[in-house]
Amino acid sequence: MLDQLATERRNEQTMQLDEMTVEDVLRVMNAEDQTVASVIREQIPVIAEVVKHVIASFKNGGRLIYIGAGTSGRLGILDAAECVPTFGVSPDMVVGLIAGGERALIKAVEGAEDSRTLAVDDLKGLQLEARDTVIGIAASGRTPYVIGGLDYAKEVGAVTAAISCNTDAVISGHARYAIEVETGPEVLTGSTRLKAGTAQKLVLNMVSTAAMIGVGKVYQNLMVDVQSTNEKLEIRAKRMIREATGVDAVTAERVFHEAHGHVKTAIVMILANVPHAEAVERLQQANGFVRDAL
């Protein structure tokens, strides 16, 4: 029952929320938000297992696919979209699906989240394969759209995981791995865009970032596959070259252009003291890992 879920209970700290001063409202929200990270910490072992499977999917040419409805679906799409500029990957590598399709990003699509078959149709549209990893996201842990998608993914043979903000969540029983981050009652009763949304965002950050590290998209703690698509990112790219190699700004600028704007290649060119073509070859042989290319 929905009213039995922790995310739906009333928060005893905010029973007079409408009578609080603005500052008191903000303080209680901040205090509640601080509980999220510690709850996630308890789930790190299972999150780690999920990440390992995502890495395996990527190495096998597979994808990471998020499915969710409402806020959960939007968060999945946000994380997927950010992977493209941050890690220089194809938009097809990390994909977010939301109940109701793209129009649901802006406006709720009534009834979409209650359909199990819509998720099946959406995953079929992506031509889901066994080498993919599918992560269902639902604060309540009971969204039919997510359940339908996870069940279909299991039929196909894809690895499945579920992220919910309640323990013993329904979707947990439909996935191979269950990440249950019980964030408790919200400051505003039932508004799971608050603590629950924060928790989901943090877990998605962990999954995608750790997985990208696992396939060589990071050197030291630098996003060396970043796409220099604007002035800010180009400045960041040149700074990364300097920080990774210790060269001056003039040298970083020159090698950046010689590497056709590819940070990873520029770093290998400098640290291995090789021309562009050899740096590219080294990176290919090292499967994109800078350390192995040196």
Side-chain angles (χ1 to χ4, degrees), residues 37 40-67 75-97 126 128-137 150 153 156-163 175-179 181 199-227 233 236-237 240-241 243-244 262-268 271-272 279-294:
I40 292 175
R41 185 183 306 120
E42 299 171 4
Q43 296 295 306
I44 286 178
V46 66
I47 297 172
E49 290 303 310
V50 174
V51 170
K52 291 173 186 176
H53 283 287
V54 176
I55 292 172
S57 286
F58 288 163
K59 289 183 175 180
N60 196 33
R63 300 163 292 179
L64 168 58
I65 300 172
Y66 297 129
I67 56 174
L75 288 170
I77 289 175
L78 173 63
D79 193 70
E82 291 291 348
C83 285
V84 177
T86 304
F87 301 109
V89 299
S90 163
D92 299 325
M93 189 170 173
V94 183
V95 181
L97 293 176
L126 291 178
L128 182 70
E129 299 181 23
R131 59 182 176 171
D132 297 325
T133 296
V134 177
I135 299 180
I137 317 165
L150 289 173
V156 171
V159 172
T160 56
I163 301 174
R176 180 172 175 181
Y177 296 97
I179 301 169
V181 184
Q200 292 171 349
K201 179 66 167 67
L202 291 177
V203 173
L204 296 178
N205 285 349
M206 296 167 81
V207 170
S208 58
T209 303
M212 291 298 177
I213 293 169
V215 292
K217 297 295 180 180
V218 173
Y219 174 60
Q220 297 176 350
N221 62 348
L222 302 172
M223 55 175 87
V224 289
D225 262 324
V226 65
Q227 294 182 355
L233 292 177
R236 179 182 292 165
M240 282 192 283
I241 294 170
E243 292 176 345
H262 192 232
V263 174
K264 190 182 284 186
T265 303
I267 291 172
V268 174
L271 293 182
V280 171
E281 177 65 23
R282 284 184 177 222
L283 281 167
Q284 289 176 344
Q285 292 180 352
N287 295 314
F289 285 85
V290 172
R291 289 190 188 277
D292 293 342
L294 298 177

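Treat the numbers as computed from the prediction; the structure is a model and nothing was measured.
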I need the I65 CD1 to L126 CG distance, nearest 0.5 Å. 5.0 Å
Minimum heavy-atom separation for L64 and V207, please, with both atom names. CD2-CG1, 4.3 Å
Taking all non-hydrogen atoms of both residues, which atom of K201 and which atom of L78 are closest, and how far apart? CE-CD2, 3.7 Å
What are the two closest heavy atoms between N60 and R131, and how far apart are they? O-NH1, 3.1 Å
For the pair D79 and L75, evaluate side-chain contact (heavy atoms from CB on, under 4.5 Å) and give the outcome as yes or no after the intermediate values. CA-CA 6 Å; D79 193 70; L75 288 170; over 6 Å; no
Taking K264 for the side chain and G216 for the main chain, is one N or O donor matched with an acceptor at less than 3.5 Å? yes
So E243 and Q220, side-chain contact (heavy atoms from CB on, under 4.5 Å) or not? Walk me through it. CA-CA 10 Å; E243 292 176 345; Q220 297 176 350; 6.0 Å; no
With side-chain contact (heavy atoms from CB on, under 4.5 Å) as the criterion, how do T133 and F58 come out once you've worked through the C-alpha distance, each side chain's angles and the decisive distance to 0.1 Å? CA-CA 9 Å; T133 296; F58 288 163; over 6 Å; no
Give the minimum heavy-atom separation between L294 and Y219, together with the two atoms involved. CD1-OH, 4.0 Å
Atom CG in D292, atom CD in Q285: separation rounded to 0.5 Å? 11.5 Å
Mind checking whether I135 and Y177 have side chains closer than 4.5 Å, heavy atoms only? no
Do the non-hydrogen side-chain atoms of H53 and V50 ever get within less than 4.5 Å of each other? no
With rounding to the nearest 0.5 angstrom, report the CG to OG1 distance, L204 to T209. 10.0 Å
CD/Q200 to CD1/I179 distance, rounded to the nearest 0.5 angstrom? 11.0 Å
Are L233 and Q227 side-chain neighbours, meaning at least one heavy-atom pair lies under 4.5 Å? no
What one should report as the nearest heavy-atom pair of A158 and D132 is CB-O, 3.2 Å
Heavy-atom distance under 4.5 Å between the side chains of M206 and I44, does that happen here? yes
Rounded to the nearest 0.5 Å, what's the gap from CG on N205 to CD on E82? Could you check? 9.5 Å
Does M212 reach the side chain of D225, with side-chain heavy atoms less than 4.5 Å apart? no
Please round to the nearest 0.5 Å and tell me the distance separating atom CD1 of I267 and atom CZ of R291. 10.5 Å
Closest non-hydrogen contact found for G96 with A80 is N-CB, 3.8 Å
Any side-chain heavy-atom pair of V203 and I137 under 4.5 Å: no
